[in-house]
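Sharing a structure below in structure tokens format, with a few things to ask.
Lettering of chains follows the sequences in order, A, B, ..., and the numbering in each one begins at 1.
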Number of protein chains: 2
Amino acid sequence: MEIHKRSPCPVACALDIIGDKWTILVIRDLALGRQYFKEFLASPEGIATNILTNRLQRLKDAGIISALPDPGPIGRFQYRLTQKGQAMQAMIEAMAEWGLRYIEGTSKRLDPI
Amino acid sequence: MEIHKRSPCPVACALDIIGDKWTILVIRDLALGRQYFKEFLASPEGIATNILTNRLQRLKDAGIISALPDPGPIGRFQYRLTQKGQAMQAMIEAMAEWGLRYIEGTSKRLDPI
DNA sequence: CTGTATCCAGCCGGATACTG
DNA sequence: CAGTATCCGGCTGGATACAG
């Protein structure tokens, strides 16, 4: 899963990581407090399990999320944004503002966990 | 080229338009003052001609760019950001800042036209 | 249950040929 | 030159089966 750098442009390099229809949504969910595989699956966009696995792996490789074993009885991971991941919130917020302003039928509230 | 809306989330809806590795780069180029097919092709990432045609069409359909016949002798179009497109600059700037801060080997300056 | 892997249709996109 | 179309290998992602 090695990333090929197309140019030194920070925008292009960011797109090499997050340039698809799903990655940012996972980060959005994490920013909203979701932490578990099941919670990401429950988001209204309906990400497929194999895609979610793939994106979690890529984000971990990129240092944007961490996965720590959940203390609870179920063998699962607790996913969290690293500082590098948290720093993406400004960008996501800018996307949200643009969408709200320019795309009809959008609304800010997402179903609670 | 109809867009299927996955959810009312403004982030998800924005991604339905710009969620790939090339679209944002075209908008970046437009924001930097590039206006012609040839200029987009000359960007260091090396977009293919068929992909560029496809993205220009999509962006036009989405109301993010306009294409007006160039007054010069060559039969070509002059592409420009609409207001809706210009409003994406805050988001792109946030991406650039994130990339500069968190991805090694990135630098802000792009070759001039 | 948590997550991974596999199947497979369809889209993406690089190379290239083509039209005007 | 400006832009489009076509070929075709490889990736994406939905459905589903699978493993712990």
Atom-to-atom span, CD1 of A:I51 to C1' of C:dC7 - whole angstrom:
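A:I51 atom CD1 is separated from C:dC7 atom C1' by 13 Å.
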Nearest-nucleotide pick for A:F37, side chain only, options being D:dG3, D:dA2, C:dT4:
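Ranking D:dG3, D:dA2, C:dT4 by closest atom to the A:F37 side chain puts C:dT4 first.
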Less than 4.0 angstrom from a charged side-chain N to a carboxylate O is my criterion; do B:D20 and A:K21 meet it?
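Salt bridge between B:D20 and A:K21, a charged N being under 4.0 Å from a carboxylate O: no.
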Return the value, rounded to whole Å, for the distance between atom CG of A:L68 and atom P of C:dG3.
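My rounded result for the distance is 11 Å.
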So does A:R6 get a side-chain nitrogen or oxygen closer than 4.0 Å to the phosphate oxygens (OP1/OP2) of C:dG13?
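Checking C:dG13 against A:R6, no side-chain N or O comes under 4.0 Å of OP1 or OP2.
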Length of the NZ-C1' vector between A:K21 and C:dC11, whole Å:
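Value for this atom pair: 11 Å.
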Charged N-O contact under 4.0 Å between A:R28 and A:E93:
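Judged by the 4.0 Å cut-off on N to carboxylate O distance, A:R28 and A:E93 do not form a salt bridge.
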Following the transitive rule for hydrophobic clusters with a side-chain heavy-atom cut-off under 4.5 Å over Ile, Leu, Val, Met, Phe, Trp and Tyr, establish whether A:I18 and B:L100 coincide in one cluster.
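No; B:L100 is not reachable from A:I18 via cluster members.
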Expressed in angstrom and rounded to an integer, what is the separation of A:L41 atom CG from C:dC1 atom P?
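Result: 11 Å.
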Ignoring the backbone of A:T49, work out which of C:dG3, C:dA5, C:dT16 is nearest its side chain.
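Closest nucleotide to the A:T49 side chain: C:dA5.
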In whole angstrom, give the distance that lies between atom CG of A:N54 and atom C1' of D:dA15.
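Going from CG in A:N54 over to C1' in D:dA15 covers 16 Å.
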Separation of C:dG13 P from B:E45 CD (nearest whole Å)
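In whole Å, C:dG13 P and B:E45 CD are 14 Å from each other.
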Round to a whole Å and report the spacing from CD1 of A:I74 to C1' of C:dT2.
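Those two atoms, CD1 and C1', are 8 Å apart.
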Closest contact, heavy atoms only, A:S66 versus A:L68:
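Minimum heavy-atom separation between A:S66 and A:L68: OG-CD2, 3.7 Å.
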To the nearest angstrom, how far is B:D70 atom CG from D:dC1 atom C1'?
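Checked: the CG to C1' distance equals 12 Å.
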Kindly say if B:T53 contacts the phosphate of D:dG3, meaning a side-chain N or O under 4.0 Å from OP1 or OP2.
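Looking at the OP1 and OP2 atoms of D:dG3, neither is under 4.0 Å from any side-chain N or O of B:T53.
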Short side-chain N/O contact from A:R55 to OP1 or OP2 of D:dT12, under 4.0 Å
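No, A:R55 has no side-chain N/O under 4.0 Å of OP1/OP2 on D:dT12.
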Name the nucleic acid region contacted by A:F40, choosing base, sugar-phosphate or nothing; use a 4.0 angstrom heavy-atom cut-off, strictly under.
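A:F40: no heavy atom of the nucleic acid under 4.0 Å.
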Donor-acceptor pair present, B:N50 side chain and C:dG14 base, under 3.5 Å
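Side chain to base: pair found, below 3.5 Å.
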Given B:K5 and A:E45, is the salt bridge (charged side-chain N to carboxylate O under 4.0 Å, His left out) satisfied, shown in steps?
CA-CA 9 Å; B:K5 185 178 259 168; A:E45 294 83 12; over 6 Å; no
Regarding B:Y36, tell me which of base, sugar-phosphate or nothing describes its non-hydrogen contacts under 4.0 Å with the strands shown.
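Result for B:Y36 = nothing.
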Check the phosphate of C:dT2 against A:Y79, side-chain N and O only, distance under 4.0 Å to OP1 or OP2. Yes or no?
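It does not, given that no N or O in the side chain of A:Y79 lies less than 4.0 Å from OP1 or OP2 of C:dT2.
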Return no unless some side-chain N or O of A:W22 is found under 4.0 Å from OP1 or OP2 of D:dG13.
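So the side-chain polar atoms of A:W22 do come within 4.0 Å of the phosphate oxygens OP1 or OP2 of D:dG13, strictly under.
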Would you tell me if any nitrogen or oxygen in the side chain of B:R58 comes within less than 4.0 Å of OP1 or OP2 on C:dC12?
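So the side chain of B:R58 is within the cut-off, an N or O lying under 4.0 Å from OP1 or OP2 of C:dC12.
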